[in-house]
Structure formats: C-alpha cells, structure tokens
Undergrad: 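Below you will find the structure I want to go over with you.
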Amino acid sequence: MESLGTGMRDSSHWKSTAYRTHTIGQIIENGSELLGKEVDIAGYAETVRGRGAICFLMLRDGTGKIQAFLKKDNMNEDVFNLIQNSTRESTIQVKGVVAQKRPPKIAEGEPLPPPEYEINVESGKILANAAAPLPVGVTDDVHVGLDVRLDNRHLDLRRSHINAMFQLRSKVLEYGREHLIKEGFMEMNSPKIIASASEGGTNLFPMMYFDTPAFLSQSPQLYKQLAVLGGLERVFEIGPAFRAEKHDTYRHLNEFISFDIEGAWMDDEDVMGVQERMIHHIWSSIAENDQNLIDVINEYRSSQGNETVTVEVPNLPFPRISYCEAIEIVKLGGGEIEWGDDIESHHCDIIAAKYPGFHFIPRWPMAMKPFYIHHREDEKGKTGGQLSRGFDLNYGRDEMTSGGQREHRVEVLEQNLRNMGLNPDDFAFYTDGFRYGAPPHAGWGLGVARLLMVLTGAGNVREVVLFPRDRNRVTP
RNA sequence: GCCCUGAUGGUGUAGUGGCCUAUCAUGCAGCCCUGUCGAGGCUGCGACCCGGGUUCAAAUCCCGGUCGGGGCGCCA
C-alpha cells in the first residue's frame, strides 16, 4: 500500500537489478531499517542544486523520489563535478549510505514533519545526459499545450499526474479483467487484418496483404460472435480497432482500444448487467486501492484552477432510459427530435441534465442498428417502427458503449443484410457460422479511453492514450 | 466534410498600425550564498509560422499556404 500519497508505484516486492540494490520507494518505506546501510540507486535527476562544495541531487525513479547529498570532501572530485554539472532529467546512478535527512526549517509552533531519508553519496555515475533545455518541463509550473506534450510524450509521461493517469488506465483494465474472469469470461484475440468490412457504416483503412487487398479491423464484433458460436460461451477481448473517419473531436481517435465481451444464452439485459457490475467493480476497486493516484491528478488540477475529480461509485442498477423515453425527454426539454432520429450530442445534453451519470439507452429502432442486432417482431415503437435489442451506455453526454443481443437466426440475418443494401454473399464467412446451430447471444464494446476520461476528468481522449492516432497525427 | 477561432524566445504568455532595440513567468548560462528542500540573490541568453500584398511605417491590416484549438456530423 502506498503510504506517501505520491502516486508512485508500490515496489515493496521488486527485486534488485543490475543497476540498483533498492528502488527509491523501498528506501522511503524502510528508511529506519536501512539507516547506515550502503545502497545503489538509479533515477532521473529532477533537480541538481548547489554550486560549490556541496550538492543536492533529487533523484526520481518510478517508485519515489529521494535526495542524494554530495560533499566534495567525501568523494572523487571529478565525479562530484560531473554530477553537479549534470542537466535536469539526466539518468544517474549513485552509491551511498542511507541517512536521516536534516529536518527543514519550520515556523515556530509548527509540528515537526515525520523523519525523511536521504543518501550520503560516496560515488556515482552519469548513465545518460539529458539535453537542455527540456521541450517539456517535468516539474515546471508552466502550462504546456497538448500538441507539444504529445510530440514529447516520453517527457510528458515523467510528469506525476500524467504518470498517474496511465497507472489508472492499467488498473481499470486489471479490475475489468478481474471481474469478467470471475463471471466466467475468457480472454480472446481476433485478427486485425481482415478481408472485408466487418460491420459496414464506417470507413476502413485499406492495406495490402501480400497481393490481396485487405483492411484494418474496425471491430472484433463478428469474430467474437464466431468464437461464441463455436462454443467458447463467454469471451472478452481488449484490443485495437481502426476507423478511417476524418472526425476531429475530443472523444474520437482513428485507433482506439475497444473492450469487448460476448456471451452465449444471453440477451441485451443480461449483458447490461455484466457491464454495470463490471463498472461498479472497477470504480469501487479504484476508490478502495488507488485514491493516491486520483490525489496526484487532483493536485495538478487544483494548481491549474480546475475542479477536482472524485471517484463516485455508481449505484446498481444503472438507470435504463429506453429510446422511446429518451425521445420524450428530449422533446420535453425543448429539443427538436422525432422518433427514428438519431440522438445527437446536443440531445444527450438534455438527457444528461436529468441523468448525469451512467445510464443505458436500450431498445433503439432496428433501422438505426447494424444488421447483426436482434429484434423481436412484437416489439414496436410508438409510431409502429420496429424496435431492436441494441443499447448504448452513456455517461452524461458521452457514449461509452454500444451493444445488444445479436441475431442468431441465419435467415433473419441475411434478410437484415439485404434490407441494409449489403450482399449476404460477402458475409458468408460470418453467416456460415450460424448454419449449424447458433445459441442466442449478446455483447458489447466499450471505449477504454472514454471510461478513463470519466475517471480522470480528462477533457480530451488524447490525454489518456499514450500515443494517440488522430487525423493529423501518426507520430510519435 | 461543415462552422468558428488561433499561431510571439525551449515552454506558457502580454501586445488591436508608430509608445516594440517586444512584456511577464518558467527555462538555460554564469556568479554569489547555502544542509538546501517550491531554496534565495545578482547578471546575462533566447521569439513575432511560411510566402505574397497594403502603408511613409506591419507582431498588429489583406490574400494564399502550413500547423493548432473549439463546435458539429459520425461513432467506442
């Protein structure tokens, strides 16, 4: 358990490596036991202060920060000078003795802070020098634009609140996996190079597969269904999806990580249940274990004058607002919309005013859903239009998920394709999977980065994606 | 694809035709001080996106380009 609230990783069980006997986190945690012991540590030089006979080197690794104290009299003078003249963010290895740090001057009446530890350096080595000045200051209190940060993501990532966001991302995936595995889902991977459009409705990136034209996959949809038809029963996949749309918004990327599930013998309600339980598990686990990471993000947000974020564990079940109800809410709220229209962002604002958190929007018109979505002939909307078993999950105005029960009747599937102007022959690889007995099944796909945006308060999906790919960016 | 908006040192900014040999912060370099700790003090370094045009005069106005930002559409 992280005790300092620094957002650094818990390294209590990490073993020593060629470059260090201890992590900095281990020294901070066990300083009293290590007093007087000689250790080797390595890290980035966050600050190098002092010019003359003494030098204070603040070293940071992924697990903590500690001050290394250098005295010219106590060590080789060349090494001392080399370190004293090193630039910020250079990587440095030092050997020294763990000592208690002298307490800082404090105002009278203030309580003494808990003891801190430092390293009295005996020798050291510059591992790699950093060029100066840095394109993005790691600890500087100046605002830096997103584009410059993304161009220098390797440095941006050294900033504590950015680092915390990606630690949170890892936690979200960990807790999500944990929950699905508990519910009997197994992890699978589908191909990302495909011969034909897997869903239609979006543009794909074309590519050459040796001498055959092919595409990058827009979704694992059809493949996870085939896996379920084949008897894997409950599957999930966390993997990339590619869409060649020239969108330019805070919530779209051309490559994104999709968190998908598919389960046999389930309908749309069943998989909505899986989803809300999973999100509940993720949120409550973060609240329980990872508040230190949220604190780091909030510390930065406060310094920039932004409001802080809190991890509010959502109540179960999430509200279900059927498509028909949603249309009514938008109309009552003064929005112009008719049954059969898509619910657009400005409509979602009206709904979000009433349901600001997670909410499902089930039972969309069949005409608006892809061919593989199931419908029940007796379920019609108010104006008589056919309803589907497709749903969305929104958080406020933003769509997190779309999912639904799938069509398992092959003749209906082929009719749906024809209704949407597609040729069933082009989907034989898929429809053939339904000819030999198909379990009713359902599933969903969730945008991982969108979930992260909710959790971290990031206003742009690019914040929570390491190396985002958008219309104008393919590097780094 | 549509609408709106912007580009000033490494970074973030001030600047609305002459007050600009361009502001401030941060950074970087040097010096002083120093068991410092958001260290401090002093000195210095470093910029008007590119190409045309208007004007006696352009960071500032106009046109084109490039690259950003916001909104919409589409979706996860």
Side-chain angles (χ1 to χ4, degrees), chain A residues 46-58 65-71 85 87-89 99-106 113 116 118 120 130-152 155-156 159 199-203 218-221 238-260 275 299 303-304 342-349 368-370 392-395 397-403 444-454 459-462 465 470-473:
Chain A
E46 190 160 295
T47 55
V48 187
R49 264 198 300 277
R51 292 282 183 272
I54 61 172
C55 172
F56 303 98
L57 169 69
M58 185 60 83
K65 297 175 192 185
I66 197 164
Q67 176 169 286
F69 178 64
L70 290 76
K71 214 167 185 170
N85 292 318
T87 46
R88 294 197 305 168
E89 295 303 313
Q100 197 161 126
K101 196 174 166 186
R102 300 194 186 178
K105 290 172 197 135
I106 47 165
E116 286 189 58
E118 65 176 9
N120 281 139
L134 301 164
V136 173
V138 174
T139 54
D140 299 355
D141 203 18
V142 292
H143 181 262
V144 185
L146 184 57
D147 216 43
V148 172
R149 287 173 41 210
L150 292 178
D151 283 338
N152 299 280
L155 273 175
D156 187 44
R159 307 203 296 166
E199 292 184 29
T202 190
N203 292 316
Q218 67 176 117
S219 161
Q221 180 60 37
I238 303 170
F242 306 89
R243 308 229 168 136
E245 298 287 343
K246 292 184 176 176
H247 34 48
D248 207 0
T249 75
Y250 66 89
R251 60 191 186 281
H252 288 98
L253 291 175
N254 296 292
E255 175 180 345
F256 64 96
I257 299 298
S258 182
F259 195 142
D260 276 81
Q275 179 154 69
E299 199 179 312
S303 78
Q304 299 296 304
D342 197 7
I343 300 175
E344 295 169 358
S345 286
H346 55 283
H347 299 135
C348 288
D349 287 330
M368 301 174 64
K369 284 290 161 185
D392 284 356
L393 174 73
N394 282 24
Y395 183 93
R397 76 189 306 255
D398 292 317
E399 186 179 333
M400 299 283 123
T401 294
S402 76
W444 41 255
L446 166 71
V448 172
R450 291 200 181 171
L451 211 52
L452 256 296
M453 286 174 75
V454 174
N460 192 315
V461 68
R462 292 161 182 78
V465 175
D470 64 31
R471 180 179 182 174
N472 302 308
R473 181 180 285 282

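Chain letters run A, B, ... following the sequence lines, proteins first and then strands; every chain starts at 1.
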Undergrad: Please state how far atom CZ in Arg149(A) lies from atom C1' in rG68(B), giving the value in whole angstrom units.
TA: 15 Å
Undergrad: Would you state whether a donor and an acceptor, one from the side chain of Arg473(A) and one from the base of rC67(B), lie under 3.5 Å apart?
TA: no
Undergrad: Can you tell me the distance, in whole Å, between the CZ atom of Arg462(A) and the C1' atom of rG69(B)?
TA: 10 Å
Undergrad: What nucleic acid atoms does Asp342(A) come within less than 4.0 Å of, heavy atoms only: base, sugar-phosphate, or nothing?
TA: sugar-phosphate
Undergrad: Rounded to the nearest Å, what distance is computed from the NE2 atom of residue His252(A) to the P atom of nucleotide rG70(B)?
TA: 14 Å
Undergrad: RNA chain B: Phe56(A) or Pro133(A), which has the more 5' nearest nucleotide?
TA: Pro133(A)
Undergrad: Can a side-chain donor-acceptor contact be found between Glu46(A) and Thr139(A) if the only test is distance below 3.5 angstrom?
TA: no
Undergrad: Counting any heavy atom closer than 4.0 Å, what does Ser402(A) reach on the DNA or RNA strands: base, sugar-phosphate only, or nothing?
TA: sugar-phosphate
Undergrad: How long is the line joining CZ of Arg397(A) and P of rC74(B), in whole Å?
TA: 13 Å
Undergrad: To the nearest angstrom, how far is Asn394(A) atom CG from rA76(B) atom P?
TA: 11 Å
Undergrad: Does Cys348(A) form a side-chain contact (heavy atoms from CB on, under 4.5 Å) with Asp398(A)? I'd like the steps, not just the answer.
TA: CA-CA 8 Å; Cys348(A) 288; Asp398(A) 292 317; over 6 Å; no
Undergrad: Taking rG40(B) as the reference, what is the distance to rU34(B) when you measure between their C1' atoms (whole Å, please)?
TA: 9 Å
Undergrad: Determine whether a donor-acceptor pair (one donor, one acceptor, N or O, separation below 3.5 Å) exists between the side chain of Glu118(A) and the base of rG35(B).
TA: yes
Undergrad: Under 4.0 angstrom, heavy atoms only, what part of the nucleic acid is Met400(A) near: base, sugar-phosphate, or nothing?
TA: sugar-phosphate
Undergrad: Quick check for you: among rC75(B), rA29(B), rG1(B), whose closest atom lies nearest to any side-chain atom of Arg471(A)?
TA: rG1(B)
Undergrad: Name the nucleic acid region contacted by Ser345(A), choosing base, sugar-phosphate or nothing; use a 4.0 angstrom heavy-atom cut-off, strictly under.
TA: sugar-phosphate
Undergrad: To the nearest Å, give me how far apart CD1 (Ile343(A)) and P (rC75(B)) are.
TA: 12 Å
Undergrad: Any side-chain N or O of Arg49(A) below 4.0 angstrom from OP1/OP2 of rU36(B)?
TA: no
Undergrad: Between rG12(B), rG68(B), rU34(B), which nucleotide gets closest to the side-chain atoms of His143(A)?
TA: rG12(B)
Undergrad: Heavy atoms only, 4.0 Å cut-off, all strands: where does Lys101(A) land among base, sugar-phosphate and nothing?
TA: base
Undergrad: Classify the nucleic acid contact of Ile257(A) as base, sugar-phosphate or nothing, counting any heavy atom under 4.0 Å across all strands shown.
TA: nothing
Undergrad: Is there, by distance only and without an angle test, a donor paired with an acceptor across the side chain of His346(A) and the base of rC72(B) below 3.5 Å?
TA: no
Undergrad: Rounded off to whole Å, could you give me the CG-to-P distance for the Asp260(A) and rA76(B) pair?
TA: 10 Å
Undergrad: Which nucleotide sits closest to the side chain of Asn120(A): rG35(B), rG12(B), rG69(B)?
TA: rG35(B)
Undergrad: Just checking Glu344(A): base, sugar-phosphate only, or nothing, at a heavy-atom cut-off of under 4.0 Å?
TA: sugar-phosphate
Undergrad: For a quick check of understanding: with a heavy-atom distance under 4.0 Å over all strands, which category does Phe259(A) fall into, base, sugar-phosphate or nothing?
TA: nothing
Undergrad: Report yes if a donor N or O on one partner sits less than 3.5 Å from an acceptor N or O on the other, where the partners are the side chain of Lys246(A) and the base of rC74(B); otherwise report no.
TA: no
Undergrad: Using a 4.0 Å heavy-atom cut-off across all strands, classify Val144(A) as base, sugar-phosphate, or nothing.
TA: sugar-phosphate
